[in-house]
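Here the structure comes first, spelled out in structure tokens, and everything after it is commentary.
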Amino acid sequence: MEYSFYDFLKLLGSLALFLYGMKIMSEGLQKFAGDRLRSILTAMTTNRVTGVLTGMLITALIQSSSATTVMVVSFVNAGLLTLSQSIGVIMGANIGTTVTAWIISALGFKVDISAMSLPLLAVGIPLLFSQKSTRKSVGEFIFGFAFLFMGLNLLKTNAPDLSANPDMLAFVQNYTDMGYFSVLLFVLIGTVLTMIVQASAATMAITLIMCANGWISFELGAALVLGENIGTTITANLAALTANTQARRAAMAHLMFNVFGVIWVLFLFEPFLSMVDWIISDFMNINEAGGVAVSFKLSAFHTCFNVCNVLILIWFVKPIEKTVCKLLPQKEQEEEYRLQFITGGMLSTAELSILQARKEINLFAERIRRMFRMVTDLLQTEDETAFNKLFSRIEKYENISDNMEVEIANYLNQVSEGRLSSESKLQIRGMLREVTEIESIGDSCYNLARTINRKRRGSEDFTQGQYEHIHEMFHLTDEALKQMIALVEDVHHSEDVNKSFNIETEINNYRNRLKNQNVIDVNDKKYDYQMGVHYMDLITECEKLGDYVVNVVEAHCDVKEKKA
């Protein structure tokens, strides 16, 4: 009986169903948990041990270490997690991903769960068509779970019968008798396979089937598992390609962690396998049909490897952090996207905490002015690639400003729960208002960038006169921001508040003048109506931005007066 191309396609189709089930199940759970998952991640990563436990828990739940590490990388990119916190979570994710192998071993080989797949789909379908999003997510999860085990069952059914194909068995056997070189070769095969499939769970399922069918020994199955641990890091590194330096460092730390683990296990390969053998055969007393026992052995090997690796490397989080920082140095134009003064939780006294929050607000204001400067550059950028790069950078800044607002506000609310004097309470209230208004300035900057982007997508351009007016308005707005920062950071109360109000009046008058002139110019056909709309959008948004600036100044002055 020859193994035809059709059989090969059936095998690939089974793998596709398994992977699709994995994807749907993971996505359903992520949607169901949603923001709760995010809050768990940020709340539970206070130290390296809780970080490891968090990574473990989330990965065991969503059944995909890749999803967890990609999520972690995106949080580092947004400034919600620091690099050292992310390393802990990634270590935990490596342990969490071993749960999949145990589920497949226990249910996929012992219990015929695929017989339950169709009834499960019947249960899931009403949920899938439900209007309520949480029910829909549970329905997706059930569908994914059913597909996963249907795929696994089909994989087992469509796996080529090697006993009937001695030639194929001989081909596999050629590479299994080369001693230690075979082990290294299978590590490489595991890595490449997981890189292609982008899911270590799928490669794990293939490995379990190969061992259960007796194609390869437990030793080579273990080598494949080691390769999978390297291959799975590729997903996070791909996700980090477009991210900032901190996120790329988190992905690199994942790769280093797994590669180091594989290297030391390869040195102690025989003793390590004997230990796993002892755990399963003697300690857990699983001595059934070879197929089942070997699948448990592989699962145990996978778990032992990752747990031992974490136990060794958890003490070296700081050196790992230093190494990745050296390997991936910070780019000049790119700054740290995270809070710098209030990362360590509350300080001993409320007054000190307020001082830290004050510094953070000052930094926030400076960052927003930098964002406005980028908008000014965007208007003058001709090159398409440079324009798109700058626009996506402004977009990223907008996300950062949203996160900063929430983080600073949460911190201030925490501080306000302590025992405070009435002056401090008023101070916090004023600071909360400042934070909200500064974030609104960030929104305005993003709106300006979007208007410039929309104008660019059209075929027309602003006239020379329009450009001059916009530059003048931008200059006034920048002056207002410069004055706002000077006031916010003014410790010695030497700055004159009236300057800010004067600039605001100037912006308002200039906006009114340009608004009237625009109507006349459109009527005189100096430029078309659409260009007039884009032009006035920019001018009006600058005037709005000026209002937010004055609100920040007023909130700050109220605080100062109350303190005085």
Side-chain angles (χ1 to χ4, degrees), residues 42 75-82 244 246 330 333-347 351-376 393-416 424 426-449 477-491 495 497 500 541-542 544-560 563:
T42 40
F75 285 0
V76 174
N77 194 33
L80 293 175
L81 284 179
T82 63
N244 64 15
Q246 285 297 90
Q330 191 86 22
Q333 49 109 23
E334 197 183 337
E335 53 294 296
E336 299 278 308
Y337 292 144
R338 61 163 192 263
L339 303 182
Q340 287 182 11
F341 297 101
I342 57 178
T343 47
M346 303 268 290
L347 290 174
E351 306 304 324
L352 271 178
S353 297
I354 289 173
L355 191 69
Q356 292 296 86
R358 175 80 273 153
K359 285 183 195 167
E360 203 65 74
I361 292 172
N362 297 352
L363 191 74
F364 191 13
E366 281 169 20
R367 192 167 271 175
I368 288 296
R369 187 182 178 207
R370 209 176 307 148
M371 187 179 176
F372 182 73
R373 289 275 177 83
M374 284 183 219
V375 174
T376 313
R393 206 167 161 224
I394 293 168
E395 243 174 342
K396 192 179 277 181
Y397 258 68
E398 212 281 318
N399 284 330
I400 291 159
S401 78
D402 288 348
N403 288 332
M404 280 189 86
E405 179 201 14
V406 173
E407 297 260 316
I408 298 171
N410 286 344
Y411 182 79
L412 286 169
N413 284 329
Q414 258 182 308
V415 175
S416 66
S424 294
L426 288 167
Q427 206 178 338
I428 286 176
R429 201 175 301 160
M431 284 162 87
L432 279 167
R433 190 176 156 214
E434 276 180 64
V435 170
T436 309
E437 298 295 345
I438 292 172
E439 197 277 325
S440 298
I441 297 173
D443 289 344
S444 276
C445 290
Y446 183 48
N447 289 340
L448 286 167
T477 311
D478 191 52
E479 280 299 305
L481 283 165
K482 184 177 155 190
Q483 188 55 30
M484 175 192 88
I485 289 170
L487 266 167
V488 166
E489 294 179 355
D490 181 23
V491 184
E495 288 290 334
V497 181
S500 284
E541 198 60 61
C542 281
K544 253 193 225 169
L545 199 153
D547 290 343
Y548 296 136
V549 168
V550 169
N551 292 346
V552 172
V553 170
E554 281 176 349
H556 188 70
C557 292
D558 284 352
V559 170
K560 265 197 328 199
K563 278 185 83 178

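Sequence positions, counted from 1, serve as the residue numbers for this chain.
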Practice prompt. Please report the closest heavy-atom contact between Ala555 and Glu434, naming both atoms and the distance.
Written response: CB-CG, 3.8 Å
Worksheet entry | Atom pair OH/CE of Tyr397 and Met404 - distance to nearest 0.5 Å | 10.0 Å
Worksheet entry | Beyond-backbone contact of Leu545 with Phe372, side-chain heavy atoms, under 4.5 angstrom | yes
Item to complete: Might you work through the side chain to side chain contact (heavy atoms under 4.5 Å, CB included) test for Glu360 and Met431, ending with a clear yes or no?
Response: CA-CA 11 Å; Glu360 203 65 74; Met431 284 162 87; over 6 Å; no
Worksheet, complete the sentence: Closest non-hydrogen atoms of Leu412 and Ala357, given as atom of the first, atom of the second and distance, are CD2-CB, 3.7 Å
Worksheet entry | Pairing residues for Asp478 by the salt bridge (charged side-chain N to carboxylate O under 4.0 Å, His left out) criterion, not counting sequence neighbours | Arg369, Arg373
Worksheet item: Can you find a pair of side-chain heavy atoms, one from Val488 and one from Ile438, that are under 4.5 Å apart?
Response: no
Worksheet item: Which pair of non-hydrogen atoms, one from Ile394 and one from Met371, has the smallest distance, and what is that distance?
Response: O-CE, 3.6 Å
Worksheet item: Shortest non-hydrogen contact from Leu487 to Ser500?
Response: CD1-OG, 3.5 Å
Item to complete: Enter the distance from Thr477:OG1 to Tyr548:OH here, rounded to the nearest 0.5 Å.
Response: 13.5 Å
Worksheet item: Which residues satisfy the side chain to side chain contact (heavy atoms under 4.5 Å, CB included) test with Ser401, sequence neighbours excluded?
Response: Phe364, Ile368, Glu398, Glu439
Worksheet item: Between Cys542 and Leu448, what is the shortest heavy-atom contact and its length?
Response: SG-CD2, 4.1 Å
Item to complete: With the side chain counted from C-beta on, respond yes when Glu554 and Glu437 share a heavy-atom pair under 4.5 Å apart, and no when they do not.
Response: no
Fill in: Side-chain heavy atoms of Lys544 within contact of Asn447, under 4.5 Å
no
Worksheet item: If you measure from NZ on Lys482 to CD on Glu366, what distance do you get to the nearest 0.5 Å?
Response: 13.5 Å
Item to complete: Supply the atom-to-atom distance Glu489 CD to Leu363 CG, rounded to the nearest 0.5 angstrom.
Response: 9.0 Å
Practice prompt. Output the distance between atom CZ (Arg370) and atom SG (Cys445), rounded to the nearest 0.5 Å.
Written response: 12.5 Å
Item to complete: Show your reasoning for whether side chain to side chain contact (heavy atoms under 4.5 Å, CB included) applies to Arg433 and Thr436.
Response: CA-CA 5 Å; Arg433 190 176 156 214; Thr436 309; 5.6 Å; no
Worksheet item: Closest heavy-atom contact between Arg367 and Ile400?
Response: NH1-CG2, 3.7 Å
Discussion item. Any heavy-atom pair between the side chains of Arg429 and Leu432 that's under 4.5 Å?
Written reply: no
